[in-house]
Amino acid sequence: MRKSEYFPQKVYVEKNSLDFPLTKRILKNVGPVPSEVIDEPQEVLEDIKASKDAIGEGKKYLLISRQKGKFVKPCPCTPGYLGCNYFILNIDLNCPLDCSYCILQHYLTNPLLTVHVNLDDLWRQLDIFLNKKKHRTIRIGTGELGDSLALDHLTENTADLVSYFRKKRNAIFELKTKTVNIKNILKIEPAPNIVIAWSLNSLKIAQEEEKDAPSVEERIDAARRVSDKGFRIAFHFDPIIRHPDWEQGYKEVIKKLLASVDSARIAWISLGSFRFPPSLKSIIEERFPRTKIIYDELIKGKDGKLRYFKPLRLELYKKIIGFIKEWGDEKIPLYFCMESEDVWREAMGWIPKGEENLEAYLSSPLG
Amino acid sequence: MKKQNLSLKEIFLEDERFRISYYFSLEKQILSIKKVGLLNPPLVALRDKQFILVSGWKRVLACIKLSLFSIPVFVLEEEDDLKSFLVAFYENLATREFSLLEKAEILRRLKKFGEDEKSIVKGYLPLLDIPPTVSNLESFLAFSGLEPEVKKIIHQKSIPFSSVRMLVGFTTQERKLLLPLLFPAGQNKFKGILEDLKEISKRNDISPKKILSSKEIQDIMGSEKLSPLQKSDSVRLILRKKRYPALSLRKESFDSLLKKLRLPKTVEVKPSPFFEEENFSVNFSFGNSEELQANLLKLQELSSRKEFSAIFKFK
Ligand code: SF4
């Protein structure tokens, strides 16, 4: 596992991204790592794509680029299942960690780790977006197309993001990570609408399927430190994966988690069982030939993604919810990521009526 | 390159170093030569004082079948194998589509004649409409190394690359056990058998050979009552059940409930795909209003029966 911070083997800077303050900051923070200015990344990409493991190879290099499209997008919730009305912020693309199940392997066409540096455009776009949504509370985060903190020692973006969002009271801003890269977070003043979240899994899954990620214990410890600093924290058991002794595996982690952090500081815990588009399967098979997780009873769901046969999903959810209720506060808000109404009803005992109902539920601890 | 007439006996066909096409039918080629003659002379090259064929196997074999004595050929003066092969490659590339097997043979030749891996991936895979990745190259190379009888089935059944890729992951012995199952199967079943077998094997840490050699499967394969297609279907069913035990069990109990309900033959009650949704569907056909009414009455009667409510346990 990668205990230390990530440093690329080389940084590529697109010529038109050279003069941004964030570019200068990253180049300073990478220290002696070589860098090269390029007109456009096509040639580098072609070289990487011709290597045996293009996805793994791409993670070794950092591309500094400009976001030419939109920084803010709705989270691509899946048709046929209840979404959680989340918005994603695309500043960093891709992730230096290497989880076998990572959806980005299928989703991203550019295998390079990419940081978008035109932050002035980001703030402008965010102002417009939040103004449009000013009559409701929205949840927004950076951890969908990458890990929110994995590059923070290079970009130091969290400080800017938190200081922007602390003033935006109609937004709950979430940083989602599997790392313990919290040095910068611990220097920032907390705010009630800022949530730092960790993705957790059973020890076995974390060890076998989350390559280069810190151990679950280290993540929980980082969460505790951030919570002690005054931040609200959240957890994502996603993807929940069946494996021999899964019940014991998840029980152990939940027990450990809820004994380490104060339930009252937990903004939410989300649950999502393992699911993926069928085309990811061959990528996982090729990159992680020893994994068995893709050979369980996965069926094609209403959205075309592979997911566990429903009775198996229900069994997972009911057990895990039971563990959370047993060791944590009954009031910790729980929600499913991409599940159907009947699963909500059967496992949670209620169904959110529309997106706003779920939003109100998840933002209720804000008061 | 010069054109000359060459006696067919002078072409040393045992040297197949440039050959990429196998398992073709000569009928149409023979007809064409009979009707209009050999308009497009094959390409040969001189190696160790012998003429060997660079391209035009189908044409030459058809001429032999027609017992022609000599034919016009182009003689390549190039001594380098790679350069000679590329002449034939580009000539063919411009005029026809390559089959999967031909693509595999082309890639094998390129490698054998000294083209480096990176150039093949970047330069040739896109020309052959193959996504340019090393793993695709590796799979095609492995395909070209398969046993001739396996290659023949793949070629004849136009098996897609995704299935070929799975097949190369099995051992020679396993492929031998698989052949009688795959031969009668269509493309989808072919893929299903391979996929289920591979995945059960990986999930349960049992070799495919051990699964295929189980008594249950061997009994089917040895049965004298079953046709090859029935054997293939029965084994596929066993593999399905092993691969998806909970789903298969649910399907079986749903089907046995339906059996107990004794639905009319024209009425079909179905769960949603993989029991994922809470709804069921009813299909029935009718040819006149009496039949429609009879079906509706039967359904109404059925829905009021206590046993029928058991169906909702399958939600
Ligand atoms: S931490 Fe998240 S983004 Fe990074 S590799 Fe793992 S799943 Fe993908």
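Below, read A as the first sequence line, B as the second, and so on, with proteins coming before strands; counting in each chain starts at 1. As a basis for the values below, the full set of heavy atoms in this structure was taken, side chains included, without hydrogen atoms, waters or symmetry mates.
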Quick one: does any side-chain atom of B/Arg203 pair with a main-chain N or O of A/Asp296 as donor and acceptor, under 3.5 Å? no

Answer with side chain, backbone, both or neither: which region of A/Glu346 has an atom nearer than 4.5 Å to a non-hydrogen atom of chain B? neither

When A/Lys292, A/Glu46, A/Glu286, A/Glu297 are compared by non-hydrogen pairs under 4.5 Å with chain B, the top option: A/Glu297

Quick one: of B/Ser135, B/Pro132, B/Pro131, B/Pro273, who has the most non-hydrogen atom pairs under 4.5 Å with chain A? B/Ser135

Contact leader toward chain B among A/Arg290, A/Arg345, A/Lys49, where contacts are heavy-atom pairs under 4.5 Å: A/Arg345

Could you label the plane-to-plane angle of the B/Phe275 and A/Phe309 rings as parallel, tilted or perpendicular, counting under 30° as parallel and over 60° as perpendicular? perpendicular

Heavy-atom pair count under 4.5 Å with chain B, highest-scoring of A/Ile294, A/Leu298, A/Leu312, A/Thr291: A/Leu298

Is the NZ atom of B/Lys152 crowded by more than 12 outside heavy atoms at less than 6.0 Å? no

Taking the ring centre of each residue, are A/Tyr101 and A/Phe288 less than 6.0 Å apart? no

Interchain contact, B/Arg243 with chain A, by part (heavy-atom threshold 4.5 Å): both

Is the distance between the ring centroids of A/Tyr335 and A/Tyr361 under 6.0 Å? no

Report which part of A/Ala50 has an atom under 4.5 Å of a heavy atom belonging to chain B: side chain, backbone, both, or neither. both

Checking heavy atoms, do the side chain of B/Glu277, its backbone, both or neither come under 4.5 Å from chain A? both

Between A/Ser282 and chain B, with a heavy-atom cut-off of 4.5 Å, which part of the residue counts as in contact: side chain, backbone, both or neither? neither

Against the six-membered ring of B/Phe183, is B/Lys157 placed for a cation-pi contact (under 6.0 Å from the centre, within 45° of the normal)? yes

List the atom of B/Leu141, the atom of B/Lys111, and the distance in Å for their closest heavy-atom pair. CD1-CD, 3.6 Å

Checking heavy atoms, do the side chain of B/Lys202, its backbone, both or neither come under 4.5 Å from chain A? both

